[in-house]
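Chain letters run A, B, ... following the sequence lines, proteins first and then strands; every chain starts at 1.
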Amino acid sequence: MQQDYKPKNIETVAQTYWNEKLTFHAKDQSEKPKYYCLSMFPYPSGKLHMGHVRNYTIGDVLSRYHRMKGFNVMQPMGWDAFGLPAENAALANNVPPAAWTYSNIDAMRTQLQSLGLGVDWSRELTTCKPDYYRWEQWLFTRLFKNGLIYKKTSSVNWDPVDHTVLANEQVIDGRGWRSGALVEKRDIPMYFMRITQYAEELLADLNQLEGWPEQVKTMQRNWIGKSEGVRFAFPYQLDGKSDKLWVYTTRADTIMGVTFVAVAAEHPLATRAAQGNPVLAAFIEECKHGGVAEADIATMEKKGMDTGLKVTHPLTGEEVPVWIGNYVLMSYGEGAVMAVPAHDERDFGFARKYGLPIKQVIAKDRQDGLVDGSEYGAGTVSGAGSEDGGGTGGGIDTPFTNEQWQEWYGSKAVGVCINSGKYDGLGYTSAVDAIAADLAVKDMGEKKVQFRLRDWGISRQRYWGCPIPIIHCVHCGDVPVPDEQLPVVLPENVTITGAGSPLAKMPEFYETTCPQCGGVAKRETDTMDTFVESSWYYARYTSPGCTTGMVDERAQYWLPVDQYVGGIEHAILHLLYARFFNKLMRDAGLFGETAVASTSQGEGEQAQQRKSVNEPFANLLTQGMVIAPTFFRDGAAGKKIWINPAEVDIETDSRGRPVGAKLRADGQPVIIGGTEKMSKSKNNGVDPQLIIDQYGADTARFFIIFAAPPEQTLEWSDAGVEGAFRFLRRVWNFAYSNKSEIDVYLNRSKQASDEYYLKAINLEQREIYREMHVVLKQANFDLQRLHFNTVASACMKILKALEQLIAIDTPGM
RNA sequence: GCCGGGAUGGCGGAAUUGGUAGACGCGCCGGACUCAAAAUCCGGUGCUGGAAACAGUGUGAGGGUUCGAGUCCCUCUCCCGGCACCA
């Protein structure tokens, strides 16, 4: 009667077939249009998790879909193999990071292959191997020579007990994760990539990325943070010399309301003021405690101390006190900020705390909030500047007060200047113009465009990363390693102690000679940020085995990536760095002719696209998380004991609502927690391997692709998996029972039966993917609108229709 | 703190421009078939009250605009992602 659906057999046969026939090998030339589909490569943690399965299934569906549509598809896979976890594992298990990483890669490759992805494994790359990172070192030396990489000091988290630099992740509540010691900020020399030189282009080109989600582009725009403001100076006399304290503001219209300036603890003025002032020196010392992470700095208590120094207001000539503020960052802008307590919420709080004066210089002129400051010209506003700041337009009147912050105090849109002498009555734009002009006349400042984006510090005081190809010579300074000496190979047999980099303790690594003068020299022992490797892997996939450069001419055929798929958590850093690297590689001439200035739309644009690659990823799909319910019991000392959902039976009432849950092992109740991201800590992960073993990869993939739109959160559901399995089984059984010749095939030979299976698989996949095809077509190929329910019901309808047919065509791909 | 998202039944989620909230699916309940179960099929299912007809109520909270708000405006709460050394 009906043959059982045995996914393991079917999938093994299919995967073997694909491997033998090299089905998914991408050709570097083709009559067909190319489609480069890339899913973000995994960090080889050791085990596949559901997020990986989702990521690669989405990419695979898109790949197979385009394959069926007649594209020359390339879907590669590789390993983001450098990074901190390998060093942690080395500490915990006493295994060298390299050995740990390579064995993880082997395990995960096996798992990935059991998923049956249409991946071209001949392009596999591993970033911790010299054949990959040597080209990164090559690019480093080029960038160093042309000034796009430079050296400066920067703050890191220093663990004073373990004598080691800590990652932000390793700083917990201001203390080292292993030692528990209070972390300090320490300034050390590092290499920086001049990403700010590309800030304007990185910002402008976002507008070309029509295939990117708007929210990602918005985040990148805000991150780059182009602002138009005024850079100006507070002059001062100190130690018999005249000098200027520079600050930058986007609210020059409030300059007349400055009542103090705040400088970073590391600012030269702070250092000077602390001389002979032990209290101030102690405060500066206190400011050094804690980590360097911005989120921590921004949320900590705002503290400050008067330096006793005074600077002069450039327009009023009044004396302005200089304070040290723990919230002012030396690495941002000038390391000093003007403070206008009346019109900045943070300054307001600071002034209230320390009893500093608050001077209102902006009045809310209108209530409707529609007024753009630019509409105001000098003298066009009458009656502005009333002392209470209340609007004249009725509605809720919120007069200015020194007691409580009001949002409108800080709004550019609603205010006009008051208490500002000649600037009274001006709106935002005209006030800024007038003030900037007056500052310029005095040579005390000018308008300036500034970016929030900072240069990218790439030095890491870590072992498991790509060595920075620099040799330090006492005579010649920092000398880049010559091409013929590349790669600088990272030694793989080391012992990790958790206290500093092993490279710094290996004379056989760092002792060398200067390539320029031949004298005794020392090799750099810092390694590069692992984001460097992930910034160009997409390009390397186009040129596997290339020994002549980062990429060869094949890159011009495949790039840009047509579809990139990955987590939203990479919306800023990784994606911005990869865009930056793409431009660096383009300007190094690696993608053929360099960019032609964009002229007109249409034909000219197409020609330009063939000549150069301005952006690496044409379309971006940011997939959602995989979440699952959590269960726990209260253990000793208020600690929760998390219980895996697989070990729990849920009881429901007559309406199907959960009323309780019991641990299967002991029948005793457990507490139902929230639904959260699958994680080790909450013990709510579902091991993909168990699902594949029990139901098969097709069920796992089918469930995961249809249970939620790709970019939304996916709630794991055992029932949903079961449903997906039943659906596939039904398709299978239907195909089987309608094929009378099957028995003939089966009775002939093993080979023939395999052939039948393949045909049946093709039927199954064909029907499923045909449905997706239809839906994708309806959705205008917009996978983000793809919806499980719509697709599933369409599949059901088709299936029902098929069941009414007695004979169907022999399927074939 | 700042930037970007989100919140609709027991669950995933529908709802073109502001026009019958809860499509479709899961789950659950009832029925058919079966010795029984599974599978399959049929019907029901926001909540409260009611045997039912029906009534009231309902899209995180509070306000507003409108003949009409899940949708637009304001304020707020909570959750998720990122914040430059996790990847």
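- Residues forming a side chain to side chain donor-acceptor pair (under 3.5 Å) with A:T164 (at least two apart in sequence, or on another chain): none.
- Applying the salt bridge (charged side-chain N to carboxylate O under 4.0 Å, His left out) criterion to A:K662, with sequence neighbours excluded, gives A:E651.
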**Complete:** A correct 5'-to-3' footprint of nucleotides 81-87 of chain B, with B, S and - meaning base, sugar-phosphate only and no protein heavy atom under 4.0 Å, is BSBBBSB
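- Legend: residues meeting salt bridge (charged side-chain N to carboxylate O under 4.0 Å, His left out) with A:R251, ordered by chain and number and at least two apart, are A:D253.
- Separation of the P atoms belonging to B:G56 and B:G9 is 22 Å when rounded to the nearest angstrom.
- Annotation: B:G22 and B:C41 have their C1' atoms spaced 26 Å apart (nearest Å).
- A search for ring-ring contact (aromatic ring centres under 6.0 Å, His included) contacts involving A:Y191 returns A:F140, not counting sequence neighbours.
- B:U57 and B:G6 have their C1' atoms separated by 26 Å, given to the nearest Å.
- Residues passing the salt bridge (charged side-chain N to carboxylate O under 4.0 Å, His left out) test with A:R186, sequence neighbours excluded: none.
- For the C1' atoms, the distance from B:U66 to B:C72 is 10 Å, rounded to whole Å.
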**Item:** RNA chain B base-pair string [pairs: Watson-Crick or G-U under 3.5 Å; |: paired with another strand]
**Value:** (((((((..(((......[....)))((((((.......))))))((((....))))..(((((..]....))))))))))))....
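- Contacts of A:Y577 classified as ring-ring contact (aromatic ring centres under 6.0 Å, His included), with partners at least two apart in sequence or in another chain: A:W456, A:F531.
- Residues meeting the ring-ring contact (aromatic ring centres under 6.0 Å, His included) test with A:Y132, sequence neighbours left out: A:W536.
- Atom CG of A:L206 is separated from atom P of B:G4 by 14 Å (rounded to the nearest Å).
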